[in-house]
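Shown next, in C-alpha coordinates, is the structure this report addresses.
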Amino acid sequence: MLIATNAVMAMRCPVCGKMEFHDFSRFAVSKSRPVNINCSCGAIKLIINTKKHSFYRLQIPCLVCETKHFKEVTGRSLWSG
(Lines give C-alpha, C1' and ligand atoms only; values in the text may rest on other atoms or scores of the structure.)
Protein backbone atom coordinates (compact mmCIF):
# COMPACT_ATOMS: atom_id res chain seq x y z
CA MET A 1 0.00 0.00 0.00
CA LEU A 2 1.34 3.41 -0.96
CA ILE A 3 0.62 6.47 1.12
CA ALA A 4 1.08 9.93 -0.39
CA THR A 5 3.47 12.00 1.73
CA ASN A 6 3.94 15.00 -0.55
CA ALA A 7 2.22 18.36 -0.75
CA VAL A 8 2.29 20.92 -3.54
CA MET A 9 2.25 24.68 -3.02
CA ALA A 10 1.95 27.43 -5.60
CA MET A 11 3.77 30.56 -4.52
CA ARG A 12 4.71 33.88 -6.04
CA CYS A 13 8.32 34.98 -5.55
CA PRO A 14 8.75 38.15 -3.46
CA VAL A 15 11.80 39.13 -5.54
CA CYS A 16 11.10 38.33 -9.21
CA GLY A 17 7.30 37.88 -9.01
CA LYS A 18 7.30 34.52 -10.82
CA MET A 19 4.60 31.99 -9.83
CA GLU A 20 5.87 28.43 -9.42
CA PHE A 21 4.64 25.12 -8.03
CA HIS A 22 6.76 23.46 -5.34
CA ASP A 23 6.52 19.83 -4.25
CA PHE A 24 7.82 18.79 -0.81
CA SER A 25 7.62 15.75 1.43
CA ARG A 26 6.37 15.66 5.00
CA PHE A 27 9.48 13.61 5.83
CA ALA A 28 11.73 16.48 4.70
CA VAL A 29 10.45 18.64 7.59
CA SER A 30 12.11 17.60 10.84
CA LYS A 31 12.61 19.08 14.29
CA SER A 32 16.26 19.85 13.60
CA ARG A 33 16.09 20.87 9.94
CA PRO A 34 13.62 23.33 8.39
CA VAL A 35 12.66 23.11 4.73
CA ASN A 36 13.44 26.10 2.50
CA ILE A 37 11.38 26.47 -0.65
CA ASN A 38 13.31 28.56 -3.15
CA CYS A 39 12.39 30.28 -6.39
CA SER A 40 14.28 29.45 -9.57
CA CYS A 41 15.88 32.91 -9.19
CA GLY A 42 17.34 31.79 -5.82
CA ALA A 43 15.11 33.82 -3.46
CA ILE A 44 13.53 32.09 -0.47
CA LYS A 45 9.74 31.85 -0.82
CA LEU A 46 8.88 29.82 2.26
CA ILE A 47 10.51 28.24 5.31
CA ILE A 48 8.68 25.40 7.06
CA ASN A 49 9.71 24.06 10.45
CA THR A 50 8.17 22.04 13.26
CA LYS A 51 8.80 21.04 16.86
CA LYS A 52 6.02 18.46 16.86
CA HIS A 53 4.61 17.07 13.67
CA SER A 54 1.14 18.12 14.76
CA PHE A 55 1.91 21.85 14.23
CA TYR A 56 4.01 23.52 11.57
CA ARG A 57 5.35 27.08 11.48
CA LEU A 58 5.51 28.82 8.11
CA GLN A 59 7.72 31.87 7.45
CA ILE A 60 6.47 33.69 4.38
CA PRO A 61 8.21 36.75 2.86
CA CYS A 62 5.57 39.38 2.12
CA LEU A 63 5.33 40.99 -1.32
CA VAL A 64 3.60 44.07 0.09
CA CYS A 65 5.31 45.05 3.36
CA GLU A 66 8.68 43.40 2.60
CA THR A 67 8.86 41.61 5.97
CA LYS A 68 8.31 37.99 6.99
CA HIS A 69 4.93 36.80 8.20
CA PHE A 70 4.62 33.80 10.52
CA LYS A 71 1.70 31.39 10.43
CA GLU A 72 1.15 28.24 12.44
CA VAL A 73 -0.93 25.52 10.83
CA THR A 74 -1.91 22.07 11.98
CA GLY A 75 -0.38 19.04 10.36
CA ARG A 76 -3.87 17.90 9.44
CA SER A 77 -4.61 21.07 7.45
CA LEU A 78 -1.16 21.12 5.80
CA TRP A 79 -1.15 17.49 4.69
CA SER A 80 -4.83 16.91 3.93
CA GLY A 81 -6.08 16.91 0.38
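Note that these values count all heavy atoms, side chains included, but never hydrogens, waters or copies made by symmetry. For this chain, numbers begin at 1 and follow the sequence in order.
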Lys18 vs Ser40 side-chain heavy atoms within contact, under 4.5 Å: yes
Pairwise distance CE(Met11) to CG(Asn38) - rounded to 0.5 angstrom: 11.0 Å
Arg57 side, atom CZ; Lys71 side, atom NZ - distance, nearest 0.5 Å: 12.5 Å
Atom pair CD/SG of Glu20 and Cys39 - distance to nearest 0.5 Å: 4.0 Å
Under the side-chain contact (heavy atoms from CB on, under 4.5 Å) test, residues paired with Ile37 that sit two or more places apart: His22, Phe24, Val35, Leu46, Ile48
Tyr56 versus Gly75, closest heavy-atom pair with distance: CE1-CA, 3.6 Å
Heavy atoms of other groups near Phe27 CZ, more than 12 under 6.0 Å: no
Backbone N/O of Phe55 and side chain of Thr50: donor-acceptor pair under 3.5 Å: yes
Pro61 versus Lys45, closest heavy-atom pair with distance: CD-O, 3.0 Å
Pairwise side-chain contact, Asn49 with Gln59, heavy-atom cut-off 4.5 Å (strictly under): yes
Heavy-atom pair of closest approach, residues Ala10 and Met19: C-SD, 4.0 Å
Joint hydrophobic cluster, Ile44 plus Val29, side-chain heavy atoms closer than 4.5 Å: no
